[in-house]
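What follows is a single structure, written as structure tokens, with notes after it.
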Amino acid sequence: MSTNENRDQFRPDGHENDHFLLTTVVGSYPKPKWLNRAKELFEDPDHKFDADDYDEAKDDAARLITQEHDRAGLDVVVDGEMRRNEMVEFFAHRIEGYEFNGPVKVWGHNYFDKPSVVSDVEYTDSWLVDEYEFTASVTDRPVKVPITGPYTLANWSFNEAYDDDDELTLALADLVNEEIEKLVEAGARYIQIDEPALATTPDDHAIVGEALEHIVADIPEEVRIGLHVCYGDYSRIYPEILEFPVDEFDLELANGDYDQLDVFKDPEFTADLALGVTDVHVAEAESVEQIEENILKGLEVVPPEQLVVSPDCGVKLLPREVAYGKMANMVEAARNVEAALDEERIDIERGAPTAAGN
Amino acid sequence: MTDYVSTTPGLFPLPDWAKDDLSDLKGHQKHDLISGDEGEEIESVYERARADVIEAQEAAGLDRVSEGQLRWDDMLAHPLAVHPAVDTQGIVRYYDNNNFYRDPVVEDDLEFSGDVGAELESAADLTDSPLQAILPGPYSLADLATDEHYGDDETFLEAIAEFLAGEIEAFPDHETLFLLEPSLVENAPDDGLDELASEAIDTVAAATDADVVAHTFYGPLEEKVYAHLLDADIDAVGVDFVTEQDQTLYNIQEYGATDDIALGLVDGQNTLVEDPEAVRDRAEWVFENLPVSEFETVYLTSNTETFYLPYATYEEKLEALAGAADLAEVKA
């Protein structure tokens, strides 16, 4: 059995099977209702619930959800992004050069505080080191840090200051690089760059690749860098993305029932594949058997040592017990597939296209 | 002497208070979007919001006042989305934006609806300024919709044009009509259909005595599409000089222009607010590069709708447009 040093640094001591399929999550998790209530109290000027109280509530929520991930048996955990409101706003508030002018429409009565870049973006205080250090202090398991990627940060902002969005993307990439350096100093070994905007504008894969070169500059080899992309036409970005300097691609595929799986079979998938094995748009936990079948789909693309198992996307919009059920079943399914691999009960031809009608 | 007219392509952002109120009253899901038979409480929020945006346009000093299209949850697909012969289905992307609308599937004859006419009546009651009506152009509306009734592209386009013409019959007096045709840019018609797209515009334009502007945006038109558009019986073509300049300028140099023109010079999709002087200068730059001696009327407008912007920025954009038209008028 071949090994994968970068991935296997996260293999728990005393792992029960010879094979190891790393289990993790994309990041977001449903917030406990009391945390939303605490936020309302904090935002109510007539209430005595102050910033310290709200910080304490966020710490409590982060501890709770990290340990919920722990309990589900995930090999690498996250705090469920309890301190983050939205994936662009959270970072825009921490980056010099951004300002907010009010909510804008996405669809219907769904709005988003789309920020404006009004001057050169600059790095001041760390964005995520406190979050990482807290999470790492409440679990013995390795912690992954999701960061919204520069392309998405640029694309989902108004650009008032840079000649074009590519220039803004690269400027933001340098800030992400600075943040990762700080995180690595603090002990982080697993970073995930989230670029959902890439799937909606696939012609821009070149600038995303260039931004990633900026992001990983001078970051030590052993630090695992993943890229999360979701809900798009992958044939328009593959195989080009294989050139990206990342260890792992985290892809949503369960939602489309693996109808895009063949895209990744030719040419050969040379990176690690973090395969989405549960659909975050179905408010019911898939059975262990179903998830086992989904994991086997991943083995059609990569050998076991290159496979990571994770949900399609952040699970924050699901009911909390469903989110937990999906994770617990996912871990159980991964362990079952590992055992089956150990016993050589799995026979899958890698790279073969899916038969018609399957 | 050229008459400079400051205006917009409509589809404004809701005032922030109305965003909150309508979120609470209507909800956030697909089935919560506008249906056309809203109750009194929701209608009264829209009435107050409409009054706000009309007041904002008057305060800025715009030469044309629009109703605002604040009820158009589905943006340019709205006139079909509220139609009884249409089933609204999945949420689909609105052009290349991070915005979405319900796919309107046409399942029966598109008979008269009166929805947009009723909005305009309400607006007319609120202002004495010259009123501007806004509609999707027939080609764009057909492009945004799915046809399961008429059978082929040509028949469907014609039916959409007839439908829009019928709606206009019920409009109150209006000074101008903007027909928004972004699909002519984003999904340019193939050979044959480009000519029909212009004929469809004729059908719609013939239904009003007002000046008609066929406004295009998100980039330049292909030259053939531009040439066909000039054949349509309209007063002005509207072009987007924010997104792109060279091809658009080339089209006008090569094929000429309508007697009037609408220049999209203010960015409807960026919070950077232009100075009126800069807008005026951009208009002059266009004229310096054109062989046309003089336009009768020049509409100064944002290139796109403004619902992409925060409300406060939208108000500032109106002021930039009105200011630019005033400056240009003085100079001319």
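Throughout, a chain's letter reflects where its sequence line sits, starting with A, and its residues are numbered from 1.
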(Q) Can you tell me if Glu40(B) has over 12 outside heavy atoms packed within less than 6.0 Å of its CD? (A) no
Q: Dump the intermediate steps for side chain to side chain contact (heavy atoms under 4.5 Å, CB included) on Asp73(B) and His109(A), then the final yes or no.
A: CA-CA 8 Å; Asp73(B) 286 345; His109(A) 293 289; 3.9 Å; yes
Q. For atom CD of Glu277(B), is the number of surrounding heavy atoms from other residues, nucleotides or ligands below 6.0 Å larger than 12?
A. yes
Q) Considering only heavy atoms, which portion of Thr313(B) lies under 4.5 Å from any heavy atom of chain A: side chain, backbone, both, or neither? A) side chain
Q | Beyond-backbone contact of Phe158(A) with Asp267(B), side-chain heavy atoms, under 4.5 angstrom | A | no
Q) Hey, are the side chains of Glu160(A) and Val273(B) touching, using non-hydrogen atoms and a 4.5 Å cut-off? A) no
Q: Heavy-atom distances under 4.5 Å only: say whether Ile91(B) touches chain A with side chain, backbone, both or neither.
A: side chain
**Q.** Best-contacting candidate, Ser23(B), Gly27(B), Ala312(B), against chain A by heavy atom pairs under 4.5 angstrom
**A.** Ser23(B)
Q: Report yes or no: does Asp16(B) contribute a side-chain atom to a donor-acceptor pair with the main-chain N or O of Pro103(A) at less than 3.5 Å?
A: no
(Q) On a heavy-atom basis, which atom in Gly108(A) and which in Leu33(B) lie closest, and how many Å separate them? (A) CA-CD1, 3.8 Å
Q: Please check if atom CD in Glu41(B) has more than 12 non-hydrogen atoms from other residues, nucleotides or ligands closer than 6.0 Å.
A: no
Q | Asp259(A), CG: over 12 other non-hydrogen atoms inside 6.0 angstrom | A | yes
Q. What residue, out of Lys30(B), Lys19(B), His28(B), has the most heavy-atom pairs lying under 4.5 Å from chain A?
A. Lys19(B)
Q: Examine whether an atom of Leu22(B) lies under 4.5 Å from a heavy atom of chain A, and if so say whether it belongs to the side chain, the backbone or both; otherwise answer neither.
A: both
Q) Taking the side chain from Asn99(B) and the backbone from Trp107(A), do they hold a donor-acceptor pair closer than 3.5 Å? A) no
**Q.** Part of Arg93(B) lying under 4.5 Å from any heavy atom of chain A
**A.** side chain
Q: Identify the heavy atoms of Asn159(A) and Asn270(B) that sit nearest to each other, and give their distance.
A: O-ND2, 2.6 Å
Q. At their closest point, which heavy atom of Thr271(B) faces which heavy atom of Ser116(A), and how far apart are they?
A. OG1-OG, 2.6 Å
Q. Is there a side-chain contact between Leu14(B) and Lys105(A), using heavy atoms and a 4.5 Å cut-off?
A. no
Q) Is the number of heavy atoms from other residues, nucleotides or ligands within 6.0 Å of CD (Glu107(B)) greater than 12? A) yes
Q: Please look at Tyr308(B) and chain A and tell me whether the side chain, the backbone, both or neither of the residue comes under 4.5 angstrom of a heavy atom of that chain.
A: backbone
Q: Heavy atoms only: give me the nearest Asp96(B)-Thr201(A) pair and the separation to one decimal.
A: OD1-CG2, 4.4 Å
Q. In terms of heavy-atom contacts, does CG of Asp163(A) have more than 12 from other residues, nucleotides or ligands at under 6.0 Å?
A. no
